[in-house]
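Residue numbering restarts at 1 for every chain, and letters A, B, ... go by the order of the sequence lines.
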6 protein chains.
Amino acid sequence: MEHQLSHVRADGSAHMVDVTSKDTTSRTSRAQAVVATRPDVVELIVDAGLPKGDALPVARVAGIMAAKRTWETIPLCHPIPLGKITVNFESDAEAGTLRVVTMVKTQGVTGVEMEALSAASTAALTVYDMVKAVDPRAVISDIKVLEKTGGKSGDWVAQNPGDAT
Amino acid sequence: MEHQLSHVRADGSAHMVDVTSKDTTSRTSRAQAVVATRPDVVELIVDAGLPKGDALPVARVAGIMAAKRTWETIPLCHPIPLGKITVNFESDAEAGTLRVVTMVKTQGVTGVEMEALSAASTAALTVYDMVKAVDPRAVISDIKVLEKTGGKSGDWVAQNPGDAT
Amino acid sequence: MEHQLSHVRADGSAHMVDVTSKDTTSRTSRAQAVVATRPDVVELIVDAGLPKGDALPVARVAGIMAAKRTWETIPLCHPIPLGKITVNFESDAEAGTLRVVTMVKTQGVTGVEMEALSAASTAALTVYDMVKAVDPRAVISDIKVLEKTGGKSGDWVAQNPGDAT
Amino acid sequence: MEHQLSHVRADGSAHMVDVTSKDTTSRTSRAQAVVATRPDVVELIVDAGLPKGDALPVARVAGIMAAKRTWETIPLCHPIPLGKITVNFESDAEAGTLRVVTMVKTQGVTGVEMEALSAASTAALTVYDMVKAVDPRAVISDIKVLEKTGGKSGDWVAQNPGDAT
Amino acid sequence: MEHQLSHVRADGSAHMVDVTSKDTTSRTSRAQAVVATRPDVVELIVDAGLPKGDALPVARVAGIMAAKRTWETIPLCHPIPLGKITVNFESDAEAGTLRVVTMVKTQGVTGVEMEALSAASTAALTVYDMVKAVDPRAVISDIKVLEKTGGKSGDWVAQNPGDAT
Amino acid sequence: MEHQLSHVRADGSAHMVDVTSKDTTSRTSRAQAVVATRPDVVELIVDAGLPKGDALPVARVAGIMAAKRTWETIPLCHPIPLGKITVNFESDAEAGTLRVVTMVKTQGVTGVEMEALSAASTAALTVYDMVKAVDPRAVISDIKVLEKTGGKSGDWVAQNPGDAT
């Protein structure tokens with residue numbers, strides 16, 4: 001007997017796109033995230049005065065490690081070798097904000113925007129984890145790609161990429 | 001011979017705080033993240049018309065899985081049993097935004113804000129990964145805790161928690 | 001201006017079900033998987049004569065580790081403490097089969113069927129990885145729960161659970 | 001004094017084989033797994049009517065993510081870059097079966113059979129996790145490689161690879 | 001036909017022991033590891049003058065995160081909730097050594113020696129990773145449990161536990 | 001209004017160094033770790049007589065898997081493809097020691113010392129986990145790189161690399 005087989009929603013379904021024929025080139029991406037809290041909390045962050053300890057080195061390590069695990073976290077990202085990762089911080093005590101700026105570089109077949117964004121958002125979440133005892137209302141915003149170079153689509157700079165390195 | 005030992009920066013150093021004497025109670029947390037893109041992109045998301053496929057089920061699964069791995073990603077978070085996780089979406093095509101709303105519940109000794117935030121930010125990043133081919137300038141914002149219940153500090157609601165369930 | 005918000009497919013969406021009000025009881029589950037290959041290959045397995053080395057200890061460790069990571073692999077599984085895990089093997093050289101039998105035990109709020117199944121399937125895949133150089137056509141079948149005890153639904157035994165311990 | 005050193009079971013021990021001198025070529029592998037349940041349950045799967053929600057998108061994501069983590073799960077597998085992963089489904093309501101068909105592609109030094117098999121078995125286990133409330137006796141069978149291309153051993157097709165794409 | 005089934009090396013095989021009937025009590029463990037390098041390198045570590053940056057905060061975070069993942073790394077360890085983790089350092093510039101001292105605390109059913117040892121060894125390996133450019137011959141030694149409290153076997157102190165907190 | 005931005009400790013901060021312009025060459029590294037216990041315990045290890053089962057196959061698998069996950073464990077390590085991993089053991093019953101000797105080989109842009117060291121230390125910790133019931137005072141020492149080949153710095157052999165293969 002011949003059963004009727006149905007391809008279940010095969011069209012339009014999510015899948016990891018084919019990158020096997022893309023060129024291996026040098027690619028970089030910069031991204032950011034901003035933690036908006038109070039001026040006094042920014043000072044506690046900068047002066048390592050928070051109850052759980054010095055937040056920025058912890059956030060930096062968390063961001064670097066998250067960038068490397070992006071392909072485990074974001075379902076359709078490809079595993080790629082990462083050649084360089086930096087996570088830096090800019091504080092604006094007056095505004096009560098801490099900006100995380102990340103940079104990821106690879107020799108690879110895909111861009112590294114997701115890796116730079118993962119580093120930025122994870123570093124910002126780690127900062128929140130360490131300030132939430134003193135400011136549970138802190139908000140993380142403006143997570144975005146600042147700049148990318150390399151790859152088929154060419155170089156690209158956000159309109160207000162800011163002055164961070 | 002007696003060498004001089006120096007405790008290196010032992011004070012103020014980051015550490016996982018002691019939760020072994022905290023009570024096991026029912027705790028919940030709700031959090032959100034907002035993806036700001038263009039109206040036409042929101043329609044592609046809702047209609048499952050993006051090049052990589054149907055974004056929302058992928059983002060939902062990514063958010064749920066990220067909540068469970070929060071303690072692996074955020075260095076000073078405790079591993080805790082999670083009893084329930086939901087990840088939902090609200091679209092506002094006119095404004096060009098997609099809002100992710102998450103809820104996490106536990107019987108445990110710590111709050112689950114970080115788990116709810118991790119779910120929200122990871123779901124939002126997953127959406128970005130799937131829309132970046134059509135809108136690389138999309139921005140993720142307003143990642144924040146909406147509400148928490150249970151625990152020593154009592155219940156807590158953000159001032160504008162929105163209407164999401 | 002009031003935008004219209006749409007709850008996007010909130011109904012029917014996948015979610016981790018709430019287990020916070022379930023009782024913590026002693027629960028066990030046994031499961032199996034069968035690798036069907038050739039008689040001579042079963043002998044190579046049992047005699048540790050495969051090119052990559054002695055397969056069974058590797059498969060046993062892989063199964064145990066996979067059981068512990070079930071909640072990372074199966075999206076809607078809950079993270080639970082596992083109290084005991086065993087992975088054993090029965091060979092039938094005449095039939096050319098190797099049967100993997102697993103047992104998982106917990107004091108927890110959910111059953112451990114998925115953990116027992118993950119251990120069995122991962123151990124079987126590990127055996128395949130080690131025999132594929134000599135038999136790429138080996139097939140893994142009959143992955144199923146043999147028995148479960150504890151929990152609201154009471155004890156349960158498959159109709160042909162086999163004689164394995 | 002000269003102690004006698006013993007190399008403990010160095011021969012025949014499990015090890016990751018050397019692939020550093022193998023050629024980087026385009027390699028693909030297709031694999032499958034079959035979930036055998038009841039006709040009514042297959043309809044619930046296809047119609048997204050299961051208690052935990054819509055099973056297929058969750059199983060698809062789980063399969064894709066499992067393929068990428070194969071080298072973490074199967075002890076002697078090599079970490080390799082994966083260029084494309086698809087997970088599709090065929091239902092046969094009359095027979096009460098759901099077939100998972102996976103495809104993995106790489107530019108790499110090893111075949112990707114294990115990655116395709118891991119995707120298939122994990123997607124099938126995820127389906128089981130979502131149907132076990134209505135059919136705990138469902139069985140996963142016929143996990144096998146359907147086809148591989150590329151690499152030293154040349155192309156290879158299983159005798160009954162089926163008609164799936 | 002009745003095939004003959006053989007239980008393959010079931011006796012003596014590795015397994016995760018049953019802890020489901022053990023009492024949940026407060027348990028702590030302290031452990032250490034010592035990095036032996038040169039006096040000038042110890043000064044670079046303490047003064048944050050190494051090429052890759054400030055080693056100790058990175059090593060501290062690595063140690064804390066490794067403690068939490070002990071059950072993923074050591075095959076027969078049980079997943080347990082960890083309530084507190086600290087990683088501290090003592091430098092002896094004259095001797096050219098850096099001592100890592102860790103403490104782990106839980107409310108659980110097993111001791112946490114392995115968690116304290118994993119934290120210590122991973123922190124020491126991280127320090128080595130950051131000094132190997134200036135001293136590839138650095139050696140890690142004296143990884144051992146210093147003290148444990150709680151559990152059936154009672155309290156236990158190593159003969160020379162040192163003076164670290 | 002122009003706020004004053006402060007780059008927070010950007011200099012001297014930990015970062016993953018850039019390897020994107022380094023040559024891909026064949027690189028190997030050998031490392032070791034030594035478990036010091038009692039002569040009778042070494043015999044139990046070699047004869048597979050320990051309470052938790054046969055320690056060496058478990059430690060071998062744990063070491064191999066840890067090598068592959070080095071970049072997840074050591075924060076500033078790069079993810080690299082590993083081409084070959086071996087973990088072997090030498091027992092000296094008279095001295096009461098077990099020596100773990102590891103070898104890792106890659107075609108890559110960085111050395112694999114950290115991978116070889118991670119394999120050795122994790123295998124040794126796994127042995128400790130299995131002997132601690134009979135000897136909680138066992139100590140792990142002499143974790144060091146024995147030899148490395150390939151890369152810019154050229155070949156390198158430790159002064160007393162021992163006779164292990």
Side-chain angles (χ1 to χ4, degrees), chain B residues 24-28 39 42-43 45-48 54-72 79-108 112 115 119 127 150 162-165, chain C residues 1-29 64-85 104-115 117-118 122 150-153:
Chain B
T24 296
T25 62
S26 182
R27 297 158 193 263
T28 60
V42 171
E43 283 175 14
I45 295 171
V46 173
D47 299 342
D54 192 2
L56 297 184
V58 181
R60 179 176 281 119
V61 173
I64 290 171
M65 294 179 91
K68 292 191 278 184
R69 298 183 75 174
T70 300
W71 59 270
E72 290 190 349
I80 50 172
L82 301 185
K84 180 178 183 175
I85 307 171
T86 60
V87 176
N88 288 310
F89 302 97
E90 282 173 12
S91 65
D92 182 337
E94 206 171 332
T97 58
L98 181 84
R99 187 180 179 222
V100 186
V101 182
T102 63
M103 198 278 278
V104 177
K105 190 172 176 183
T106 191
Q107 279 282 349
V112 284
E115 285 73 13
V127 170
D163 59 342
T165 311
Chain C
M1 189 181 66
E2 189 78 352
H3 292 296
Q4 178 165 354
L5 300 178
S6 305
H7 286 262
V8 185
R9 286 171 275 174
D11 295 330
S13 295
H15 57 277
M16 256 177 66
V17 299
D18 192 349
V19 298
T20 54
S21 57
K22 293 178 71 177
D23 289 334
T24 296
T25 61
S26 181
R27 297 158 192 263
T28 60
S29 189
I64 290 172
M65 295 179 91
K68 292 191 279 184
R69 298 183 76 174
T70 300
W71 60 271
E72 291 191 348
T73 306
I74 309 297
L76 304 183
C77 278
H78 296 81
I80 49 171
L82 300 185
K84 180 178 183 176
I85 307 171
V104 177
K105 191 173 176 184
T106 191
Q107 279 284 348
V109 294
T110 70
V112 283
E113 301 97 300
M114 295 313 301
E115 284 75 11
L117 289 167
S118 292
T122 301
K152 192 179 62 180
S153 57

Q: Would you mind checking which part of L76(C) comes under 4.5 Å of any heavy atom in chain B, side chain (CB onward), backbone (N, CA, C, O), both or neither?
A: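 Both backbone and side chain of L76(C) come within 4.5 Å of chain B.
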Q: Ignoring hydrogens and geometry, is there a side-chain-to-backbone donor-acceptor pair from T97(B) to A93(B) under 3.5 Å?
A: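 Here the side-chain-to-backbone pair does not exist.
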Q: Could you tell me whether a side-chain N or O of K68(B) sits under 3.5 Å from a main-chain N or O of C77(C), the two making a donor and an acceptor?
A: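 Checked: pair present.
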Q: What's the separation between atom CD in E115(C) and atom OG1 in T28(C), rounded to the nearest 0.5 Å?
A: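 Atom-to-atom, E115(C):CD and T28(C):OG1 are 12.5 Å apart.
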Q: For T24(C), is it the side chain, the backbone, both, or neither that has a heavy atom closer than 4.5 Å to a heavy atom of chain B?
A: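 When you check distances to chain B, no heavy atom of T24(C) falls under 4.5 Å.
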Q: Could you please state which residues from residues 105-114 of chain C sit under 4.5 angstrom from chain B, measuring non-hydrogen atom to non-hydrogen atom, sorted by number, or 'none'?
A: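 Those residues of residues 105-114 of chain C which would need a heavy atom under 4.5 Å from chain B do not exist here.
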Q: Using modelled atom types only, decide if a donor and an acceptor are shared between the side chain of H78(C) and the backbone of V17(C) within a distance under 3.5 Å.
A: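 It does hold such a pair.
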Q: Measure distances from I85(B) to the heavy atoms of chain C and classify the residue's part below 4.5 Å as side chain, backbone, both or neither.
A: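 Both backbone and side chain.
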Q: Rounded to the nearest 0.5 Å, what separates atom CZ in R60(B) from atom OG1 in T86(B)?
A: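 If I round to the nearest 0.5 Å, the distance is 9.0 Å.
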Q: Which distance, rounded to the nearest 0.5 Å, do you find between the CE of M65(B) and the CD1 of I74(C)?
A: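 Rounded to the nearest 0.5 Å, the CE-CD1 separation comes to 8.0 Å.
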Q: Give a yes or no answer on whether the side chain of D23(C) reaches the backbone of T25(C) with a donor-acceptor pair at less than 3.5 Å.
A: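 Checking the backbone N and O of T25(C) against the side chain of D23(C), no donor-acceptor pair under 3.5 Å is found.
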